[in-house]
Amino acid sequence: MLRTHTCGELDHKQIGKEVTLCGWVDSYRDHGGGLFVDLRDRYGITQVVFNPPDTSSQVIEESKLLRAEYVLQVTGRVAERPAGMANPKLATGEIELRVTRLILLNKSLTPVVSPNANSQDIPNEELRLEYRFLDLRRPTMQRTLFLRDRIVKEMRDYFAEHGFIDVETPVLGRSTPEGARDYLVPSRVSPGSFYALPQSPQLYKQILMVAGYDRYVQVARCFRDEDLRADRQPEFTQLDLEMSFVDAEDVIHVIDGLVARLARQELGLDVKLPLPQLTYDEAMERYGHDAPDLRFGLELVDCTDLAARSDFRVFSSVAAGGGRVRAINAKRGTEHYSRRGIDALTDYVGQFGAKGLAWFRVEQDGTLNSTIAKNFSADLLQEFAARLHAEPGDLLLFVADQWKVTCKALHALRTKLGAEMKLYDPQSMHFSWVVEFPMFDYDEEEQRWVAMHHPFTSPRDQDLKLLEADPARCRAKAYDLVINGYEAGGGTIRIHDPHIQQKVFSLLGIDEKVAEERFGFLLRALSYGAPPHGGIALGIDRVVMLFGGMDNIRDCIAFPKTQRATDMMTGAPSLVELKQLRELGIKVVVD
RNA sequence: GGCGCGGUAGCUCAAUUGGUUAGAGUCCCGGACUGUCGAUCCGGUGGUUGCGGGUUCGAGUCCCGUCCGCGUCGCCA
């Protein structure tokens, strides 16, 4: 070892001892006669002092050449700092190292991304990603990666204790056109054929259940070739698990326990179990979204029946046309939003397809005031007021449109209002479940039913007869874990009966031949004594992001990709040698 | 693919309505200093304002195109 201690562990107990430290120059302060260096490593910072008489004049001269991020090995005696010179900001602030020997292990160019930058001086993300090796030296980044390490370790311990076996599944698999776009890998041995990187280990874990492993878990890398977002990367990590002889509540119960343990360990929070559950229908009705942020209220209120009775054409025609008129009461919203502010909200909901935003201010006498008020009788306005529990100072905001549009627009509006009106503590955490998702969604473009989750999801027992009778009303044994308005994980109970599986396939327009071609192995497996089974996958990156109070997923991934799915540090993806392409039988066509 | 924000010294930022030689802090270089911890003080170097075109007497600023980053819609079973 090149060192006897780390930069984070020395305190008064080592006073008088000779020690050797290694680390990076975090900062230096040159006083002419002597010089101070804050030496940094993963464990902390220790002040090392180059001062006479402890340090020879020759070593002091050498120390004058030190610069930021130089790598040092220093030997000396641990000393108590002079009276009044302790630094309470440092864990090692009581002591310092009086250097007798200095070895420069390596120099550094002037760092482009400074590891000790103040929060307002952090370089832009482009540079941080290009110089990720410097960015990752920043204590904030190190704290995050350690948090991630603890969370993953905690998960592994938890599932090991609960009898789960960790099994690795292939990364080179078969492409299944359903779902997200696949990342493809050409096969050299089978020219013209391609592997697909897994969007999730879904089919393999079901096979493991058929094989009798009973409880499977894996920290699995997954790949989806879709556009990126603040909370979406093309490759990401799932805590993936599957259980046999269980129903939805059993899986939920296991995850409840994990969430409570993580919250206790990492946040010091006592989460009350069981976590609250909301059905999908309820979530859409009350919040307009399947992953609502439950840290604040502002629930959506349906007013279609009242709207139908108004003379306001926008309202009455939407109501008559099968659409919905729904509203949010922004409590005391008139304090936050002027006419101009409301105009901005109107523009905002426009992004989500809403053609407008009708509004009323609630006056001191309780009457509703708006440019559109003349279209409503006083009695009807009072009914609106009562429906929305309107009080003086409130701002009532309405979207009238097709159901889907009202959901999207009002969900976005609710989220914006919650943040802008500071209705919740950004540090707080809320965990819940959304359950009983629809089995199917109708794809207007392709004129067919598509699986809401995936085609192996089991319908609820009581909805089996709806499979063919009324697919839209058929609900699934599906459940999503929701944290602060983010989908942190999702799972389902699977179909273990090949006949039901066939029915679902045919509803999705997957005929027998195609089913056999794509999923033949799964159907065959289901025919050989498949146990009832189900599971879930948690998005580890998102969980870390939320537990760490971050607002983007890149900050909790060591080497993330940019919005264009490139790696700023390595330059991936890149062109390859012609020879490589020839071996693979691939010709690149550039438009 | 659409919409929006951003790109100015190595780094973080400023620059009035389009108007003098594009500034500040930090870093870097040189000097001073025996206790600092955002050290301090003195001096200095450092600019293709992302790139290309246009309008104008004059462009960091306005227009068009383009590249890069971020946010978002579509997309993400």
Side-chain angles (χ1 to χ4, degrees), chain A residues 26-39 45-55 60 64 67-69 79 81-90 92-93 96 98 109-131 134 176-182 199-200 202-203 222-234 236 347-353 408-409 412 415-416 437-441 443 445 449-457 476 478 487 490 492 504 508 510 539 551-552 554 561-564 566 568:
Chain A
D26 193 65
S27 64
Y28 58 96
R29 296 171 289 281
D30 187 348
H31 283 255
L35 180 146
F36 300 87
V37 166
D38 283 347
L39 196 66
I45 285 178
T46 300
Q47 171 164 284
V48 302
V49 185
F50 300 83
N51 263 352
D54 304 82
T55 315
I60 289 177
K64 303 263 175 212
R67 293 295 178 272
E69 301 307 310
R81 292 200 188 184
M85 295 295 160
N87 183 351
K89 287 187 222 161
L90 288 182
T92 61
E96 61 194 15
R98 306 248 167 100
L109 297 176
T110 302
V112 175
V113 174
S114 178
N116 69 357
N118 300 323
S119 54
Q120 72 271 18
D121 290 333
I122 294 173
N124 70 56
E125 193 166 3
E126 218 169 329
L127 275 177
R128 289 176 50 208
L129 292 174
E130 185 178 348
Y131 291 89
L134 294 176
T176 52
E178 289 269 329
R181 199 175 292 114
D182 282 324
Q199 296 178 24
S200 78
Q202 184 60 37
L203 300 178
C222 304
F223 306 85
R224 292 177 193 177
D225 186 5
E226 297 292 349
D227 285 348
L228 284 77
R229 288 288 184 279
D231 63 347
R232 258 164 41 190
Q233 281 274 305
F236 59 101
D347 289 345
Y348 182 67
V349 295
Q351 287 180 51
F352 304 92
K408 282 184 185 171
T415 306
K416 189 180 177 68
F437 281 71
M439 280 288 285
F440 309 104
D441 199 17
D443 187 327
E445 233 171 81
W449 293 102
V450 293
M452 188 110 170
H453 196 79
H454 59 58
F456 318 108
T457 301
E487 178 195 331
T492 64
V504 170
L508 295 173
I510 303 172
D551 57 7
N552 87 71
R554 294 182 300 280
K561 304 239 178 336
T562 66
Q563 202 165 66
R564 283 184 60 251
T566 63
M568 295 287 288

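All values derive from a computational prediction rather than experimental measurement. Quick note on labels: first sequence line is chain A, next is B, and so on, each numbered from 1.
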Task: A:Glu69 bridged to A:Arg67 by N-O distance under 4.0 Å - done: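 Looking at A:Arg67 together with A:Glu69, the answer is no, because their closest N to O distance does not fall below 4.0 Å.
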
Please tell me which of the listed nucleotides, [options], lies nearest to the side chain of [X]?
X        : options             : answer
A:Asp121 : B:G35, B:U12, B:G38 : B:U12
A:Asn87  : B:U12, B:C37, B:G1  : B:C37
A:Thr110 : B:U72, B:C28, B:C75 : B:C28
A:Phe36  : B:U36, B:G69, B:C11 : B:U36
A:Ala180 : B:G69, B:C76, B:C73 : B:C76

[X] versus [Y], closest heavy-atom pair with distance:
X        : Y        : answer
A:Asp225 : A:Asp182 : CB-O, 4.0 Å
A:Gln199 : A:Gly179 : OE1-C, 4.2 Å
A:Phe456 : A:Gln202 : CD1-CG, 4.2 Å
A:Ser114 : A:Asn116 : OG-OD1, 2.8 Å
A:Pro455 : A:Leu508 : CB-CD1, 3.6 Å

Using only side-chain N and O atoms of [X], determine if any of them is under 4.0 Å from OP1 or OP2 of [N].
X        : N     : result
A:Lys408 : B:G74 : yes
A:Arg81  : B:G35 : no
A:Tyr28  : B:C28 : yes
A:Thr566 : B:G69 : yes
A:Ser114 : B:C11 : no
A:Gln563 : B:G71 : yes
A:Arg554 : B:G71 : yes
A:Asn124 : B:C11 : no
A:Arg229 : B:G74 : no

Rounded to whole Å, how long is the line connecting atom [atom1] of [X] with atom [atom2] of [N]?
X        : N     : atom1 : atom2 : result
A:Arg232 : B:C70 : CZ    : P     : 14 Å
A:Arg224 : B:C75 : CZ    : P     : 16 Å
A:Asn118 : B:U26 : CG    : P     : 12 Å
A:Asp231 : B:G71 : CG    : P     : 9 Å
A:Asn51  : B:C37 : CG    : P     : 14 Å
A:Arg128 : B:C11 : CZ    : P     : 15 Å
A:Arg181 : B:G1  : CZ    : P     : 12 Å
A:Phe352 : B:G71 : CZ    : C1'   : 11 Å

Base, sugar-phosphate, or nothing: which does [X] touch, judged by heavy atoms less than 4.0 Å apart?
X        : value
A:Leu35  : nothing
A:Glu130 : nothing
A:Gln351 : sugar-phosphate
A:Pro123 : sugar-phosphate
A:Leu90  : nothing
A:Val112 : sugar-phosphate
A:Met85  : base

Task: Heavy atoms of other groups near A:Tyr348 OH, more than 12 under 6.0 Å - done: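 Atom OH in A:Tyr348 is packed in, count exceeds 12.
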
Work out how far the [atom1] atom of [N] is from that of [M], and round it to whole angstrom.
N     : M     : atom1 : answer
B:G10 : B:C33 : C1'   : 28 Å
B:G25 : B:G43 : P     : 11 Å
B:U20 : B:A15 : P     : 15 Å
B:A22 : B:C41 : P     : 27 Å
B:G60 : B:C13 : C1'   : 14 Å
B:A14 : B:U8  : C1'   : 9 Å
B:G53 : B:G71 : P     : 32 Å
B:C5  : B:A9  : C1'   : 24 Å

TODO: For A:Asp38 and for A:Ala451, find the nucleotide of RNA chain B with the closest heavy atom, then tell me which residue's nucleotide is more 5'.
DONE: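 Final value for this comparison: A:Asp38.
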
Open item on the list: Between A:Arg29 and A:Lys64, which residue's closest nucleotide on RNA chain B lies nearer the 5′ terminus?
Closed with: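 With A:Lys64 and A:Arg29 compared, the 5'-side residue is A:Lys64.
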
Open item on the list: Is there a side-chain contact between A:Leu228 and A:Gln233 in this structure, where contact means two heavy atoms from C-beta onward sitting under 4.5 Å apart?
Closed with: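 A side-chain contact under 4.5 Å exists here.
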
Open item on the list: Between A:Gln47 and A:Thr92, is there a side-chain heavy-atom distance shorter than 4.5 Å?
Closed with: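 A side-chain contact is absent here, since even the closest heavy-atom pair is not under 4.5 Å.
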
Searching all strands shown, indicate the nucleotide that pairs with [N] (Watson-Crick or G-U wobble; both distances under 3.5 Å).
N     : answer
B:U20 : none
B:G6  : B:C68
B:C76 : none

TODO: Confirm from the modelled atom types if A:Gln120 and B:G25 form a donor-acceptor pair under 3.5 Å, side chain to base only.
DONE: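 No.
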
Open item on the list: Quiz question: going by heavy-atom distance under 3.5 Å, is there a donor-acceptor pair between the base of B:C29 and the side chain of A:Arg67?
Closed with: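 Between B:C29 and A:Arg67, which were checked side chain against base, a qualifying N/O pair under 3.5 Å is absent.
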
Open item on the list: Under the criterion of centre distance below 5.5 Å and interplanar angle below 30°, is A:His31 classified as stacked on the base of B:A39?
Closed with: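 By the stated criterion, A:His31 and B:A39 stack.
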
